[in-house]
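Have a look at the structure below, then the notes.
Basis for what follows: all heavy atoms, side chains included, without hydrogens, waters or symmetry-related copies.
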Amino acid sequence: MSSIPENLELYTQRHSGAHLMAAAINKLWPTAQFGTGPAIDNGFYYDVLLDTPLEEADLKRIEKEMRHMQKQRLKFERQELSIDDAIQKMEALHQSFKVELLTLLKEKGSTAVAKETGDEDLVAPSQEGVTQVSFYQTGNFVDLCRGPHVENTGQIPAFKLTHIAGAYWRGDNTKPQLQRIYALCYATQEELEAEIWRAEQVKLRDHRRLGKELHLFTFSDEIGVGLPLWLPKGMVLRDELEFLAQKEERRDGYQRVSTPQIAKEALYYCSGHLPYYKEDMYDPIKIDEESYYLRPMNCPHHHMVYASSPHSYRELPLRISEYGQVYRYELSGALSGLMRTRGFCQNDAHIYCRFDQAKEEFLKVMQLHVRYYELMGIKDYYMRLSLPDLNKLDKYVNEPEKWLKALEIIREAMIESGYPFKEVEGEAAFYGPKIDFMIKNVIGNEYAISTNQLDFLATERFNLNYTAEDGAKHPVYVIHRAPLGSHERFVAFLIEHYAGSFPLWLSPIQVRLIPIADRHVDYARKVQDFLMSAEVHNGTGGLRVDMDSSAERMQKKIRNAQQEKIPYMLVIGDKEVEEEKVAVRLRSGEDLGAIAVPDLLERLKAEIYQYQ
């Protein structure tokens with residue numbers, strides 16, 4: 001969703017660039033239908049529908065026309081109209097999508113429009129129906145927009161159109177599919193060229209492309225959109241992450257549980273999910289005349305684990321964890337590979353503690369996040385504290401004093417941690433404030449990857465308490481945490497972060513044997529058996545070793561292994577068989593020469609264990 005950044009000048013230039021692009025399209029294709037076109041973090045886009053779909057080659061035509069209009073220094077002229085006059089104006093221009101937006105604005109206000117379209121730039125924020133809107137005219141093109149804009153097209157800085165993607169109107173796959181035209185826009189040509197290079201890297205690292213090439217995951221229309229299938233190599237990534245989480249959580253005193261993926265309707269009324277979160281849940285399933293729901297979160301189930309027996313103050317904090325599968329309804333237009341799915345498995349846990357323990361426990365969770373990040377070479381991260389808008393308590397539990405007390409605990413923990421953080425309003429969970437950990441990969445892409453939340457509501461809704469030293473019952477505080485996020489989102493991040501070249505401990509295939517000729521295959525099998533039977537503590541119970549015994553030439557086998565991003569290649573010829581060694585090559589191209597197999601095993605184990 002578009003939002004005005006700190007750099008208002010650049011935002012205004014990008015926003016104006018979107019209008020310039022639409023004006024150029026309108027001139028080249030006068031019957032074009034326009035959706036929305038906001039500024040985004042690195043430029044802008046516009047959604048359009050043409051009688052004949054655009055091709056990538058058309059981007060040059062559009063960009064040429066934009067530059068011509070830029071030189072003309074066309075003014076951005078503002079006009080205000082009543083909502084009814086605006087609807088008539090767009091009807092006269094045959095802009096059906098704009099008419100639809102204006103009608104929605106009139107009936108439900110800008111908040112509804114922003115949520116469905118991702119464009120906050122149409123009109124000023126409002127919860128109620130809109131009565132007055134503004135338009136901007138650029139040359140002969142007129143567009144619904146609240147502004148601001150530059151004075152004229154000559155003030156739009158360096159830009160470049162990059163690509164075309166599909167986008168369902170209002171994110172709904174039952175509505176027309178528009179073409180989304182993306183453009184980069186920066187204050188200087190040097191910044192633009194740097195971003196063009198980064199954008200190329202983004203394409204090379206795209207987890208959807210690499211996931212297919214490396215056979216990590218897939219999707220099936222027969223199963224359903226947004227529901228990934230993990231292939232054997234992708235499952236290795238899940239297994240290793242769970243192995244890592246189990247070890248780290250064991251060190252921090254967590255106990256593992258397993259809970260069902262569905263529950264009765266009453267549980268989600270008790271938790272507050274149905275009153276506050278229903279639009280993100282799937283419709284109920286009728287079983288024996290009762291309604292069951294696929295769980296959107298694991299917390300209600302974990303609360304029932306805690307409530308299954310009484311607890312003394314001596315037992316707290318109680319930390320229970322589960323890699324729990326959940327399901328949330330997402331508009332099909334919002335789905336994006338593994339980054340945004342409808343079914344995913346979370347590195348979830350809940351900590352039940354006394355009030356005087358809450359800050360320390362919250363701090364420990366933040367430190368666990370950072371341990372993971374350091375292990376994986378993630379150096380650029382910060383925390384985003386999501387606050388409630390206490391003027392809009394229809395979205396949140398109406399307990400202002402408890403909100404403020406919870407915020408105080410979290411702020412103190414964040415300050416003590418020394419980790420960087422920011423605060424944003426209106427993004428808290430309905431039951432309490434939360435922290436999102438924001439991380440960047442090596443080329444600067446930012447992701448909200450995991451959360452840490454303090455819940456003061458669960459104890460009342462589920463009657464969660466403990467017996468104090470004096471025998472009295474006291475409510476517990478609940479910390480929700482998921483340092484590794486979901487398998488789906490975290491693996492997507494790791495694919496792009498490492499560009500598919502995973503460190504040895506995480507690589508689906510760690511070692512490939514490459515016998516040069518058929519006579520070397522028997523020795524290669526002995527080496528494979530030795531390595532695979534070695535005692536190596538990891539998520540798959542040992543080293544992952546395969547062999548390329550095809551008839552391809554040795555150099556072709558090596559190139560294939562490098563393309564598959566396999567860390568170690570062991571070439572075996574007559575000399576290696578005779579000396580009982582292997583010729584070791586790394587995927588980087590480095591040649592380590594001949595190494596005795598037991599010595600190689602020790603090297604592999606040392607490289608794997610440095611991450612443990």
* To do: Measure centre to centre between the rings of Phe44 and His15, then say whether the value is under 6.0 Å.
  => no

* **Side-chain ion pair, Glu200 and Arg205, N-O less than 4.0 Å** => no

* **With sequence neighbours excluded, residues passing side-chain hydrogen bond (donor to acceptor under 3.5 Å, both in side chains) with Asn560** => Lys556

* Does the ring center of Tyr136 lie less than 6.0 Å from the ring center of Phe76? -> no

* Should we say atom NZ of Lys233 is surrounded by more than 12 heavy atoms from elsewhere, each under 6.0 Å from it? -> yes

* For residues Tyr327 and Gln325, report the shortest heavy-atom separation together with the two atoms involved. => OH-CG, 3.5 Å

* To do: Would you verify whether the NZ or CZ of Arg67 falls within 45 degrees of the ring axis of Phe159 while also being under 6.0 Å from that six-membered ring's centre?
  => yes

* CD/Glu55: more than 12 non-hydrogen atoms of other groups inside 6.0 Å -> no

* To do: Assign the ring pair His301 / Tyr268 to parallel, tilted or perpendicular, where the plane angle (0 to 90°) is split at 30° and 60°.
  => tilted

* Are any of the side-chain nitrogens in Lys106 or Asp84 under 4.0 Å away from the carboxylate oxygens of its partner? -> yes

* **Ion pair Lys60/Glu63, N-O distance below 4.0 Å** => no

* **Cationic N near anionic O, under 4.0 Å, Asp47 to Arg180** => yes

* **Electrostatic pair Glu100:Arg170 at N-O distance under 4.0 angstrom** => yes

* Any salt bridge between Glu80 and Arg146, counting N to O under 4.0 Å? -> no

* Thinking salt bridges, do Glu330 and Arg340 make one under a 4.0 Å N-O criterion? -> yes

* **Interatomic spacing from CE in Met66 to NZ in Lys160 - rounded to 0.5 Å** => 11.5 Å

* Asked: Would you call Lys27 and Glu65 a salt bridge, taking side-chain N to carboxylate O under 4.0 Å as the test?
  -> yes

* Between Tyr46 and Phe34, does the ring centroid distance fall short of 6.0 Å? -> yes

* To do: For residues Tyr382 and Phe421, establish whether the separation of their ring centroids is below 6.0 Å.
  => no

